[in-house]
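Each remark here refers to the structure printed beneath this line.
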Amino acid sequence: MEKFIFGLAVGMAGGALLVANNCKLLNLVKKNQEDIMEKAECYIDKKLEELESKGGEKEKKPSKPQQSN
């Protein structure tokens, strides 16, 4: 998913730069690109935090005590 988001942002920026001929459109494209990159970074950070918290929970769980007969 992260590779898709990054590819999408790069593709949008590249295509927009080929098409953009005036300053207003170029500035709009740059602003939208920055917004998309911020959203992608937030998404990636959120996923990393979830993975870290899941990993921490697994480590904190005590193992089952052995039964002696």
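Everything numeric here is computed off the predicted structure, so don't read it as measured data. Just so it is clear, the values below take in all heavy atoms, side chains as well, and ignore hydrogens, waters and symmetry mates.
Separation of atoms CD (Q33) and NZ (K30) is listed at 9.0 Å; rounding is to 0.5 Å. For the atom pair N27 CG and K31 NZ, the distance stands at 11.0 Å (nearest 0.5 Å).
With sequence neighbours left out, the side-chain contact (heavy atoms from CB on, under 4.5 Å) criterion links A40 to I5. Listed by chain and residue number, K46, K47 satisfy the side-chain contact (heavy atoms from CB on, under 4.5 Å) test with E50 (two or more places apart in sequence, or in another chain).
Under the 4.5 Å side-chain heavy-atom criterion for grouping Ile, Leu, Val, Met, Phe, Trp and Tyr, Y43 is connected to L48 within one hydrophobic cluster.
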